[in-house]
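Counting starts at 1 for both ligands and their atoms, following the listed order.
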Amino acid sequence: MRADPADYRLVSPGNLQAVLSLMAGEPAQWLPIAGGTDVMVLYSAGKLPNRKLVNIWNIPELRQIEIFPDRICIGAACTYTSLRRHEIVAREFPLLATAASWTGGIANQNRGTLGGNIANASPAADSLPALLVYDAEVTLISVGGERRVAYRNFHLDYKQTALAADELIRDISLPRRFSGHVSHARKVGVRNAQAISKVCLAALGRMANGTIQDVRLALGSVAPVPLRLNETEHLLAGKKIEPSLIDSARESVVQKIRPIDDIRSTARYRAAVAGNLVAEFLEKLAAEGAKA
Ligand SMILES: Cc1cc2nc3c(=O)[nH]c(=O)nc-3n(C[C@H](O)[C@H](O)[C@H](O)COP(=O)(O)OP(=O)(O)OC[C@H]3O[C@@H](n4cnc5c(N)ncnc54)[C@H](O)[C@@H]3O)c2cc1C
């Protein structure tokens with residue numbers, strides 16, 4: 001059943017403090033709407049429980065990308081298009097720029113925001129594995145002040161997050177220390193644009209003297225939350241990349257993930273693909289390491 005607009009209220013205060021005051025005054029009543037690319041899908045299907053929407057699309061503090069010597073700070077309402085076009089994001093955070101290029105079609109990229117992708121908390125969201133491997137930190141803001149949460153601690157369970165009812169994600173901060181790493185981003189879906197991932201991978205690695213000096217792996221669509229593969233990373237650290245190590249890594253990935261059968265794929269297929277994507281990355285890392 002389609003929603004009736006007369007049942008909903010949308011306000012647009014235009015500044016951050018006014019939005020936060022509104023949310024604090026009636027916690028859990030006001031749903032922030034940024035690009036609306038997730039919210040409007042629910043609305044159109046008549047499945048949006050909230051009747052009060054507060055627009056955060058036009059809040060200047062949420063739309064800027066700030067560059068510091070040691071980190072980049074991305075406003076939560078920055079769109080995929082702004083991420084793709086940003087020179088430093090493209091150069092130093094290619095996993096994020098690539099994920100942005102996968103996220104729906106151009107129209108979706110012009111509206112969809114990074115903060116919306118995080119708060120919507122889909123385990124299949126494309127930008128979230130990149131945030132895990134880049135050690136992102138999110139700043140949450142309410143009338144009571146700000147707090148910083150390591151992004152790895154943000155998703156608590158399926159669609160459950162550390163965000164309180166009166167809080168907004170203000171920005172996402174990424175340390176600028178991964179530009180020397182080999183990076184590998186892969187989305188497996190029916191097609192790249194306009195398709196939800198069956199599995200997606202974000203991976204970073206650095207070789208030194210023929211061994212893995214640093215490796216960071218994260219997968220989407222294989223568990224209730226985007227998943228960092230700490231055990232597999234631990235298994236790989238300090239080793240030379242050989243076929244037997246790749247086999248062990250593949251096994252360790254399959255042990256760790258908890259994929260499901262759904263309309264897009266089967267758990268068995270997802271497990272096989274997840275292992276293959278990590279193996280593919282390790283082969284690439286070995287080849288890059290041999291050139292260095
Ligand atoms: C056609 C189509 C294709 C898509 N393809 C993909 C895809 O390939 N990959 C993918 O990952 N996603 C995809 N999506 C999903 C969607 O575009 C993304 O999740 C997008 O990032 C959501 O951002 P938004 O600003 O539109 O969020 P909104 O719809 O505005 O909000 C989504 C949720 O986040 C909350 N929220 C938004 N901003 C904040 C904030 N700053 N603080 C706190 N809460 C906030 C809202 O209250 C809401 O609960 C697709 C959607 C459509 C319609």
Min heavy-atom dist [X] to ligand 1 below 4.0 Å:
X: Tyr80; result: yes
X: Gly36; result: yes
X: Lys187; result: yes

### Query
Regarding Arg186 and the six-membered ring of Trp102, is the cationic atom NZ or CZ under 6.0 Å from the ring centre and inside 45° of its axis?
no
### Query
Thinking salt bridges, do Arg147 and Glu167 make one under a 4.0 Å N-O criterion?
yes
### Query
Hey, are Lys198 and Asp262 close enough for a salt bridge, meaning a charged N less than 4.0 Å from a carboxylate O?
no
Heavy-atom contacts with [X] under 4.0 Å: which atoms of ligand 1 show up? List them by number with element.
X: Ile56; answer: 38 (N), 39 (C), 40 (C), 41 (N)
X: Ala119; answer: 34 (O), 35 (C), 36 (N), 44 (N), 45 (C)
X: Leu31; answer: 47 (O), 49 (O)

### Query
If you draw a 6.0 Å radius around CZ in Arg268, do more than 12 non-hydrogen atoms from other residues or ligands fall strictly inside?
no
### Query
Where does Leu163 meet ligand 1, judged by heavy-atom distances below 4.0 Å: at the side chain, the backbone, both, or neither?
side chain
## Note on the structure
Within the 4.0 Å heavy-atom cut-off, what Ala76 brings close to ligand 1 is side chain
### From Gly35, Ser221, Gly75 - option closest to atom 24 (P) of ligand 1 by heavy atom
Gly35
### Message
Just to verify, which of Leu53, Asn50, Val11 counts as forming a side chain to side chain contact (heavy atoms under 4.5 Å, CB included) with Trp30?
### Response
Val11
### Side-chain donor-acceptor contact under 3.5 Å, Asn58 with Ser12
yes
